[in-house]
Amino acid sequence: MVSLSEIYTSNALITSSLPPRLVAVFVGGTSGIGESTLKAFVSYAVQPKIYILGRNNASAERIIGECKFLGPEGHVGEAEVVFLQADLSSMKTVEGTCEDIKKREGMTPEGLHAFLASAYYDRMLIIHLLAPLLLSATDSHPGLARVVSVACGCDEGIIEPSDFSALRIPSSALRGHIGTLTTLTLEALATNTGPDNSITFIHANPGLVRTPYQDRMTGAFGVFARGLMWVKKITGEAIGIEESGERQGGVPIKGGALSAIGTNGLRANEGSKPGAVYSVDKNGEPAGEHVVNLLTKYREEGMVDRLWVWLKGEYYRVGVVLS
């Protein structure tokens with residue numbers, strides 16, 4: 001039998017060994033073992049977020065109040081405890097409650113889609129705010145200013161105008177949506193940077209790349225992901241991180257293998273120029289006819305302007321005003 005002293009020693013490591021802001025769900029945590037376990041967790045975890053699922057609102061309110069006096073040293077009262085009242089004997093209610101939690105955890109505190117926050121919203125804001133510095137660089141070095149967003153170039157797909165924020169888009173359709181969202185927003189940035197814009201915008205696709213991210217994956221899925229990446233690298237479908245880094249830079253070379261094609265379908269020497277937007281696949285090749293036609297369709301429908309208005313509105317909603 002594991003001694004209680006060993007249990008205490010193990011639990012004490014939660015504070016220093018596990019990351020802050022852990023999220024836990026306690027089912028039936030308004031009394032008994034569930035309640036005591038919840039309080040023990042709050043006593044050790046740093047700034048945890050806890051969902052209590054149950055029927056007894058009065059007990060939940062009592063527990064929430066008591067948790068304000070619990071926590072490791074320096075973090076007392078920092079736990080966020082959320083009570084979701086639910087009759088868990090109803091499977092429909094269980095389903096709805098789980099969907100509620102997924103929706104809550106799929107967003108940032110600002111109400112943004114968690115993935116888009118770090119793959120889209122942040123990038124576009126940085127590009128817009130630093131554009132003046134990029135433009136100043138072209139005064140002495142024409143054509144120098146370049147923005148490279150490494151995401152899913154050439155994987156543009158159907159976009160959902162009623163849900164630009166992707167809060168209701170299934171995961172199977174998310175990549176195509178984000179791909180088009182990114183490329184069209186880069187076009188909006190190119191247009192709204194100013195009449196003398198000389199920044200080149202590139203939406204790049206790295207393909208399969210072996211990165212430290214796979215090393216951080218845990219459990220069976222982590223083993224599977226690392227094994228799959230190993231096989232893909234042997235077959236040439238995946239590349240190393242060093243090669244990927246090399247592929248994101250460079251300057252035009254005379255007699256190069258490819259004349260860049262902008263998302264407007266024009267080659268660099270036919271009208272695309274600094275200030276143009278390029279979508280580039282994992283092999284460094286430009287968007288094909290299907291992607292160009294899709295983007296042309298959206299452009300003709302006024303989607304670039306609609307996206308820009310919506311994005312400025314989202315930034316305004318979270319307290320960032322774009323000029």
Side-chain angles (χ1 to χ4, degrees), residues 116 118-139 141-157 159 164 175-207 244-245 247-252 256 258-288 291-300 302-312 314-315 322-323:
L116 265 68
S118 59
Y120 173 72
Y121 290 106
D122 60 340
R123 300 185 187 196
M124 300 306 138
L125 184 58
I126 290 170
I127 293 168
H128 179 74
L129 295 179
L130 296 185
L133 293 179
L134 287 170
L135 289 173
S136 66
T138 63
D139 292 341
H141 297 85
L144 176 64
R146 183 186 307 179
V147 169
V148 180
S149 182
V150 181
C152 45
C154 294
D155 282 344
E156 290 87 349
I159 198 171
F164 284 144
R175 185 173 180 83
H177 178 86
I178 294 176
T180 299
L181 203 69
T182 297
T183 299
L184 293 183
T185 304
L186 289 177
E187 292 194 12
L189 286 165
T191 300
N192 288 278
T193 297
D196 299 322
N197 173 40
S198 54
I199 303 171
T200 296
F201 297 85
I202 301 170
H203 181 189
N205 188 331
S244 180
R247 286 182 173 275
Q248 309 311 323
V251 296
L258 191 69
S259 177
I261 300 176
T263 52
N264 57 5
L266 297 178
R267 292 186 179 276
N269 59 359
E270 296 175 336
S272 286
K273 55 189 177 183
V277 179
Y278 301 91
S279 185
V280 181
D281 72 9
K282 63 181 181 181
N283 298 313
E285 298 179 351
V291 169
V292 170
N293 289 342
L294 180 67
L295 296 175
T296 299
K297 171 181 175 292
Y298 284 135
R299 197 180 299 112
E300 292 173 349
M303 202 66 71
V304 174
D305 292 335
R306 287 177 62 183
L307 260 175
W308 185 240
V309 171
W310 163 78
L311 185 58
K312 290 177 69 175
E314 284 292 275
Y315 288 137
L322 301 189
S323 57

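When a residue number appears, it is its place in the shown sequence, counting from 1. What you see is a predicted model, and the numbers here were worked out from it, not measured in a lab.
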Reported CG-to-NZ distance for the pair Asn192 and Lys312, which is rounded to 0.5 angstrom: 7.0 Å
At their closest point, which heavy atom of Ala287 faces which heavy atom of Val291, and how far apart are they? CB-CG1, 3.7 Å
Residues that Phe164 engages under ring-ring contact (aromatic ring centres under 6.0 Å, His included), provided they are two or more places apart: Trp310
Any side-chain heavy atom of Leu125 within less than 4.5 Å of one from Leu311? no
Quick one: OG1 on Thr193 to CG on Leu135, what's the gap to the nearest 0.5 Å? 6.5 Å
Here the gap from Met124 atom CE to Thr185 atom OG1, rounded to the nearest 0.5 Å, amounts to 5.5 Å
Applying the side-chain hydrogen bond (donor to acceptor under 3.5 Å, both in side chains) criterion to Glu156, which one of Thr180, Thr182, Thr183 satisfies it? Thr183
Within the structure provided, determine whether Cys154 and His203 are in side-chain contact (heavy-atom separation under 4.5 Å). no
Nearest 0.5 angstrom please: Leu116 CG to His177 NE2, how far? 6.5 Å
Rounding to 0.5 Å, atoms CD1 (Ile159) and CG (Leu184) come to a distance of 5.5 Å
Considering non-hydrogen atoms only, spot the tightest contact between Val277 and Ala190 and give its length. CG2-CB, 4.1 Å
Are Arg146 and Leu134 packed together at the side-chain level, in the sense that at least one heavy-atom pair is separated by less than 4.5 angstrom? no
Pick one: which of Trp308, Phe201, Tyr315 meets ring pair (Phe, Tyr, Trp, His ring centres under 6.0 Å) with His128? Trp308
Nearest heavy-atom approach of Arg123 to Ser149 is NH1-OG, 3.0 Å
Under the side-chain contact (heavy atoms from CB on, under 4.5 Å) criterion, do Leu186 and Ile127 qualify, and how do the steps go? CA-CA 9 Å; Leu186 289 177; Ile127 293 168; 3.9 Å; yes
Is there side-chain contact between Thr191 and Asp305, with heavy atoms separated by less than 4.5 Å? no
Is a side-chain N or O of Asn283 found less than 3.5 angstrom from the main chain of Glu285, in a donor-acceptor match? no
Kindly compute the distance separating CG (Leu294) from CZ (Arg299), expressed to the nearest 0.5 Å. 10.0 Å
